[in-house]
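This one's a predicted model, so the numbers in the text were calculated from it and none came from an experiment. In what follows, chains are A, B, ... by sequence order, proteins preceding strands, each numbered from 1.
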Number of protein chains: 2
Amino acid sequence: MNYSVSEENYIKNIYHLQQQTETVTTNSLANELRTKPASVTDMLKKLQTKNLLEYKRYRGFKLNESGNKIALNIVRRHRLWEFFLVDKLGFEWDKVHEIAEELEHVSSVELIKRLDSFLNFPQTDPHGDPIPDTNGKFAVIKQVSIAEAAAKKTVVVSSVSDQSPGMLEMLNHYHIGIGTSLKINKHFTFDGSVEIKVSQKAACVISEQLAKNIFVHHE
Amino acid sequence: MNYSVSEENYIKNIYHLQQQTETVTTNSLANELRTKPASVTDMLKKLQTKNLLEYKRYRGFKLNESGNKIALNIVRRHRLWEFFLVDKLGFEWDKVHEIAEELEHVSSVELIKRLDSFLNFPQTDPHGDPIPDTNGKFAVIKQVSIAEAAAKKTVVVSSVSDQSPGMLEMLNHYHIGIGTSLKINKHFTFDGSVEIKVSQKAACVISEQLAKNIFVHHE
DNA sequence: AACTTTTTTTAGATTTGCCTAAACCTTAAT
DNA sequence: ATTAAGGTTTAGGCAAATCTAAAAAAAGTT
């Protein structure tokens, strides 16, 4: 079956909200989509008719099995395009989200198959988020923010949860990117800042706010 | 200014029809867009309001200066994406039109700029049609179909006007592609067929229909 | 438990792009 | 010049996706 751009956007955003809360509310989705709650209710009915949702009036909603599958497919397309934009076209990763938002709705299955292969089957997008495979499966890496990571360990940056230009500027300044390995030296309890050491460079201290937005994993 | 997918499709198709006839008719456009004449009239009014058309009721219409500029930009996007699909993703050229139809509406200017550079500023799409530059300019190559080309001359294939799978099959069979050079040996008046010689291979005879759809230029 | 606040839904409009059917022009033919 | 035929436009509607305003349900407060 084929879905409209609007339907796909609703599905995708329900999926993303579900990563934080099991069931999603009308208001939060309206907020995410920059639309009005009444519009959300309308679309929910439609998606329920198409059997993509579990939805009870006034009680919130969540994607069912097939809704989830479709969402993962959209996420797959989005992340593959983001990878393409950064890796092949040389975009900075804070610029690609909007463009991928449009590209993700191009419907050809063959296109995505070939794009995946052209990109050499990447596992994560430029922000470190995993790219689901054709069946919606992806490896879940156990990761923690630098703020929570144990001291004295060497870890690898796996993703960043903020994709603003300001964030990019900071990461460039500290020479940190996805895949960079660094050592957590010390957590300062006073302000939550963390001393880290990136590769051969001198140790430096990053703010709590930054530490909370950089996720790392072991080895 | 920004245009809807629908508006862009109208503009593009008016442009294409104008290549054959100076002014376009409601019916022919409706036919091209697989829509109804009444719908075309509706959209014409809208495009006229937006100052992209010269249009007099019952009298046909054509793009004005700015309409033309927009059309050429859409054509540029379409052809760049076609080039990408064939050159980078390995699609056969009879499969790319539909996909490029969707991709061409992605609106980022920066995207197209970078795509162009990534593809190394191609001059023509996979069917040999010229890719307009940012200002809508492109080199016009004087070309004739093999059916009309003078005998005893060596020519270079510059484009094909039919993009069906059947056409592709024939071209592959004769080892003909865009850029292939071949010699026109003889025109048979009886059935319009033409004897040609492709590179080092044995001379062969192609039908009038095929000859009419392959365009060539000198040197 | 009753009232207030917040959230969600319904009802009714609006816009865009499309449709059918009917009216309207233009052209070509007698 | 009239008429027939064809193409074009208007009128009126429909579906998708949105909105505002009002009603209904749930949650929070005293």
Contacts of Glu102(B) meeting salt bridge (charged side-chain N to carboxylate O under 4.0 Å, His left out) (sequence neighbours excluded), chain-then-number -> none
Rounded to whole angstroms, how far apart are CG on Asp42(A) and P on dA16(D)? 12 Å
Ranking dT18(D), dC19(C), dT20(D) by distance to the side chain of Ser39(A), first place goes to dT18(D)
Return each pair, listed once, that meets side-chain hydrogen bond (donor to acceptor under 3.5 Å, both in side chains) where at least one residue sits in residues 48-60 of chain A; pairs must be two or more places apart or across chains. Glu7(A)-Lys50(A)
Residues 138-146 of chain B, side-chain donor-acceptor partners within the protein, below 3.5 Å, at least two apart:
{"from": "Gln143(B)", "atom 1": "OE1", "to": "Ser158(B)", "atom 2": "OG", "distance (Å)": "2.6"}
{"from": "Gln143(B)", "atom 1": "NE2", "to": "Ser159(B)", "atom 2": "OG", "distance (Å)": "3.4"}
{"from": "Ser145(B)", "atom 1": "OG", "to": "Ala147(B)", "atom 2": "N", "distance (Å)": "3.3"}
{"from": "Ser145(B)", "atom 1": "OG", "to": "Glu148(B)", "atom 2": "N", "distance (Å)": "3.3"}
{"from": "Ser145(B)", "atom 1": "OG", "to": "Glu148(B)", "atom 2": "OE1", "distance (Å)": "3.1"}

Residue pairs passing the side-chain hydrogen bond (donor to acceptor under 3.5 Å, both in side chains) test where at least one lies in residues 127-136 of chain A, sequence neighbours excluded: Glu82(A)-His127(A), His127(A)-Gln163(A)
Ring pair (Phe, Tyr, Trp, His ring centres under 6.0 Å) against His97(B), all qualifying residues, sequence neighbours excluded: His78(B)
Please work out which residues in residues 5-35 of chain B have a non-hydrogen atom less than 4.0 Å from an atom of DNA chain D and list them by number. Thr25(B), Thr26(B), Asn27(B)
Between atom CG in Leu44(A) and atom P in dT18(D), what is the gap in whole Å? 12 Å
Taking CG from Asn2(A) and C1' from dA16(D), how many angstroms apart are they, rounded to a whole number? 16 Å
Tell me: NZ of Lys36(A) to P of dT10(C), nearest whole Å? 19 Å
Just how far, in rounded Å, is C1' of dA25(D) from OH of Tyr55(A)? 12 Å
Considering residues at least two apart in sequence or located in another chain, which fulfil the ring pair (Phe, Tyr, Trp, His ring centres under 6.0 Å) criterion with Phe84(B)? Phe84(A), Trp81(B)
Atom CG of Leu47(B) to atom P of dT16(C): distance rounded to whole Å? 13 Å
The criterion is salt bridge (charged side-chain N to carboxylate O under 4.0 Å, His left out); which residues satisfy it with Asp94(A), sequence neighbours excluded? none
Under a 4.5 Å cut-off applied to non-hydrogen side-chain atoms, are Pro122(B) and Thr124(B) in contact? no
Distances under 3.5 Å only, N/O to N/O: pair up the protein atoms with those of nucleotides 1-5 of chain C.
none

Any pair counted as salt bridge (Lys or Arg N to Asp or Glu O under 4.0 Å), so long as it reaches residues 11-32 of chain A, sequence neighbours left out: Lys12(A)-Glu101(A), Lys12(A)-Glu104(A), Glu22(A)-Lys62(A)
With a 4.5 Å heavy-atom cut-off, do His218(A) and Val156(A) have their side chains touching? no
According to side chain to side chain donor-acceptor pair (under 3.5 Å), who are the partners of Arg79(B), at least two apart in sequence or on a separate chain? none
Check DNA chain C against residues 56-64 of chain A and give the residues with a non-hydrogen atom under 4.0 Å, in numerical order. Arg57(A), Tyr58(A)
